[in-house]
Every structure is written in structure tokens, then in C-alpha cells.
Student: 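Here it is, the structure, as C-alpha cells.
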Amino acid sequence: MDRSTFILSLLFTLTVSTTTLFSPVFAGTFDTEFDITWGDGRGKVLNNGELLTLSLDRASGSGFQTKKEYLFGKIDMQLKLVPGNSAGTVTAYYLKSKGDTWDEIDFEFLGNLTGDPYTMHTNVYTQGKGDREQQFHLWFDPTADFHTYSVLWNPHHIVFMVDDIPVREFKNLQHMGIQYPKLQPMRLYSSLWNADQWATRGGLVKTDWSKAPFTASYRNFRADACVSSGGRSSCPAGSPRWFSQRLDLTAEDKMRVVQRKYMIYNYCTDTKRFPQGFPKECRH
């Protein structure tokens, strides 16, 4: 079996084995579940609420957020990223709470020159502190079609997933004195903006505005989650499986395979950044 066939076979196996881990999800349309918050018309809800697009040009980017706040859940969204020469652009997709000591669960997709791979940047903030970056290249072209990017967030851990394949886990290690997001409800946000001062090769490659407008597309939002309002949280009926779900050893092994093949940066191995020793969570 050649390498490309092996990888495709592996990813198919990962998808089949992990999609059964989580409870059913419930869909909402963009016009009922989201507000376009900035961009002066550059964000659009289309197809009777089934499709949302964000655009970026030299004057402005655009963004949206959910009407609801969530405290734990499984959040899914299908994205199709900016095609062609997307260098300098960032498509951010994240959960975030309010205030100066916010919590955040963060996907960012850093554009690149035509034919070069996107960088998928992930981070977790607790009490306003982040610096937990892991970055990946994807095993497909994220601009050619829609793919599902998900966050599982429960009292035990946070899992980042791509097409239901786990790529990163951040465990609740509060017993070690490590803060974990569990008290602050978060909204889901997304934005498309220009970050050519740092996004592509550390800012060496600038945005080519002759290719504007740049457009990212969204569909099939699903939130199987506890909705927070007025200081109270309302969860789906029954006991949703995602609330207590943990990755078993098989899923952890498969996640490590993905990390070995596609991870391009891990703060837990950056000796220059942490000469006095890695953060405590890196040991677990």
C-alpha cells in the first residue's frame, strides 16, 4: 500500500470510529441563530438561512456571532475557506466568553499563496491567558469543498475535531492548579480579516488586494449544547453523551497519528520559548 492510500485508509477509519462517540446534534439556520456583527454588508445570509458568507476587501472584513451563549456542548460548523491566493487573510472560528479574564476555544485558518497549504491554528485561553498554540496542515484542500470543524467541550476536556477526527485534546487538570474553562458561558464567533503583518510566513507575504474580495462560506451549524441565559444553564433533555464523553485509548492513539503526520507546531515542544521547562499541562 502506498503512502497516500494508507493515509486515506487511516482517515476513513478515524472518521468511522469517532463519529459514534457523540450524541445527535441539532441544527439551526443562520438567520435565527446568528447576528452579523460587523462588516457593513460584507456578511450575508443566503439560501433561506442555510448559507452564510463573510467577505474581506481592502476597506474591511466581516464577522458574526451566535445569539445564544453556551456552557458546555458539541459545536459543529462546515466551512469552505478562501480559495486561491489567500495569503495575509485569517478566518477565525472560535468560542469566547466576555470580560477581561475571558475563556476561549480557538480555531484560526491562516491563508497562503495558491497551492501552498493553509495553517490551522488552535489555542485555548483560560482566565485571559492563552499561549497554548498547536498548528496543523490539513490532509485535504479546505477551499475546494466544505469540511466540518468541531469543538467538544465538557467538564473533562476540550477536543478539537476535523470531519469528526480528533486532532487535539486539552484536559481538565485543575487538580494540578491549571485553570480550565467551566464557569463562563461562551458565544460562537467567526470573522474574516486581514492579518498580513503576521499571518503568512510571519508577515513576509502580504495580501494581494487585486484578488479581493476574499470570501469564506459557512453551512450546517449544529449545537448540541447547554444554553446559558440570565445566569442559568439549560441543557438538552436527558443526559447527553457528550457531557461525560472521554476519548478512549484507541481514539487517543488515532489522534496521535494525526498529530505525528500533520502537526507543524506544538507549544509543548518549543524549547526556545520555554527554556525553564514546559507548562505543566504538557506532561499529560
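Just the heavy atoms: all of them, side chains too, but no hydrogens, waters or symmetry mates, feed the values below.
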Student: How long is the gap from OG on S62 to CG on L56, to the nearest 0.5 Å?
Tutor: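 Answer for the OG-CG pair, S62 versus L56, is 7.5 Å.
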Student: We want to know whether Q134 and N266 form a side-chain donor-acceptor pair, criterion being a heavy-atom distance below 3.5 angstrom.
Tutor: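 There is such a pair (donor and acceptor under 3.5 Å, judged by atom type) between the side chains of Q134 and N266.
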Student: Check this for me: L204, atom CG, are more than 12 non-hydrogen atoms of other residues, nucleotides or ligands nearer than 6.0 Å?
Tutor: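 Result for CG/L204: enclosed.
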Student: Could you go step by step and tell me if H156 and F243 meet the side-chain contact (heavy atoms from CB on, under 4.5 Å) rule?
Tutor: CA-CA 8 Å; H156 306 296; F243 195 83; over 6 Å; no
Student: Is the closest side-chain heavy-atom distance between Q245 and V159 below 4.5 Å?
Tutor: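 When only atoms from C-beta onward are counted, V159 and Q245 do not touch, as no gap falls below 4.5 Å.
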Student: Taking C-beta and beyond as the side chain, do R187 and K98 meet within less than 4.5 Å on heavy atoms?
Tutor: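 The answer is yes; the side chains approach within 4.5 Å.
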Student: Rounded at 0.5 Å granularity, tell me how far CG in D103 sits from NZ in K182.
Tutor: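 One gets 11.0 Å once the value is rounded to the nearest 0.5 Å.
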Student: Testing the 3.5 Å rule here: is there a donor-acceptor pair between the side chains of T29 and D31?
Tutor: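 Yes, because at least one side-chain N or O of T29 sits under 3.5 Å from a partner of the opposite role on D31.
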Student: Relative to the ring of F107, is the ring of F109 parallel (under 30°), tilted (30 to 60°) or perpendicular (over 60°)?
Tutor: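 Ring orientation of F109 relative to F107: parallel.
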Student: Run the side-chain hydrogen bond (donor to acceptor under 3.5 Å, both in side chains) test against K129 and tell me which residues pass, sequence neighbours left out.
Tutor: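 By the side-chain hydrogen bond (donor to acceptor under 3.5 Å, both in side chains) rule, K129 matches no residue at all.
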Student: Does a donor on one side chain and an acceptor on the other come within less than 3.5 Å for T53 and S217?
Tutor: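 Judged by distance alone, the side chains do not pair up.
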Student: Anything under 30° is parallel, anything over 60° is perpendicular, the rest tilted; go ahead and classify F140 against H147.
Tutor: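 Correct class here is parallel.
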Student: To the closest 0.5 Å, what do you measure between CG (D164) and CG (D76)?
Tutor: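 It is 6.5 Å, given to the nearest 0.5 Å.
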Student: Going by atom types only, do E281 and Y180 share a side-chain donor-acceptor pair under 3.5 Å?
Tutor: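 There is no such pair (donor and acceptor under 3.5 Å, judged by atom type) between the side chains of E281 and Y180.
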Student: How are the rings of Y94 and Y189 set to each other: parallel, tilted or perpendicular (split at 30° and 60°)?
Tutor: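 It falls in the parallel class, under 30°.
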Student: Rounded to the nearest 0.5 Å, how far does SG of C235 lie from OH of Y70?
Tutor: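 It is 13.0 Å, given to the nearest 0.5 Å.
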Student: Please report the interatomic distance CH2(W153) to CZ(F170), rounded to the nearest 0.5 Å.
Tutor: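 Nearest 0.5 Å value for the CH2-CZ distance: 13.0 Å.
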Student: Can you tell me how far NZ of K80 sits from CZ of F146, rounded to the nearest 0.5 angstrom?
Tutor: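 If I round to the nearest 0.5 Å, the distance is 5.0 Å.
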Student: In this structure, are over 12 heavy atoms from other groups packed under 6.0 Å from R232 atom CZ?
Tutor: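 For R232, atom CZ is not crowded (no more than 12 foreign heavy atoms under 6.0 Å).
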Student: T148 versus N220: any side-chain heavy-atom pair under 4.5 Å?
Tutor: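 Side chain of T148 against side chain of N220, heavy atoms only: no contact under 4.5 Å found.
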Student: Under a 4.0 Å N-O cut-off, is there an ion pair linking E33 with K68?
Tutor: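 Result for this pair is yes, salt bridge flagged.
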Student: Inspect the surroundings of CG in D253 and state if more than 12 heavy atoms from other residues, nucleotides or ligands are less than 6.0 Å away.
Tutor: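 Yes, enclosed.
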Student: Look at atom CG of D40 and say whether more than 12 heavy atoms of other residues, nucleotides or ligands are closer to it than 6.0 Å.
Tutor: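 No, CG of D40 has 12 or fewer neighbouring heavy atoms, counting only those of other groups under 6.0 Å.
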